[in-house]
Amino acid sequence: MLLLKFSRFPYCRQVLLALGYKGIPFQLENLTARLHVLIFKPLTGGLRTVPVQQTQIEGQPRAIADSTQNWHSIESRFPSLPLLPADERKAS
């Protein structure tokens, strides 16, 4: 898995912490602001939000943008060590 991110962006940090907590191996690529759009457009079909998780898994989206979507993707593929409580009412 490759994670495209800005170096000091808090939403990127959240996804990094989730990957580390679950022990998921990944590679990082730091992006330059404004130039990131040139990379994102062909990968995501025009989405501009970071972080972008680039996967190599058959049947999965090639790129997932937005930290919330990244969390859901990580949680569905790696359910051990849950990020959120099983009872959604306890999450708020």
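- Taking CD from Q14 and CG from L83, the interatomic distance works out to 10.5 Å, rounded to the nearest 0.5 Å.
- Looking at S73, its side chain never comes within 3.5 Å of a backbone N or O of Q69 through a donor-acceptor pair.
- A heavy-atom distance below 4.5 Å is not found between the side chains of N70 and L19.
- For the pair M1/P25, no side-chain contact is recorded, criterion being any heavy-atom separation below 4.5 Å from C-beta on.
- I74 CD1 to Y21 OH: the interatomic distance, rounded to the nearest 0.5 Å, is 13.0 Å.
- Listed by chain and residue number, R13 satisfy the side-chain contact (heavy atoms from CB on, under 4.5 Å) test with L17 (two or more places apart in sequence, or in another chain).
- If you take CG on L2 and CG on L28, they are separated by 8.0 Å, rounding to the nearest 0.5 Å.
- The closest side-chain heavy-atom distance from V52 to L31 is not below 4.5 Å.
- In this view, F9 and F6, Y11, C12, V50 satisfy the side-chain contact (heavy atoms from CB on, under 4.5 Å) rule, not counting sequence neighbours.
- Residues satisfying the salt bridge (Lys or Arg N to Asp or Glu O under 4.0 Å) test with E29, not counting sequence neighbours, are none.
- Taking the side chain as every heavy atom from C-beta outward, N30 and K5 approach each other to under 4.5 Å.
- In this structure, L16 CG and I24 CD1 are separated by 11.5 Å, a value rounded to the nearest 0.5 Å.
- In this structure, S80 and K22 approach most closely via the heavy-atom pair O-NZ, 2.8 Å.
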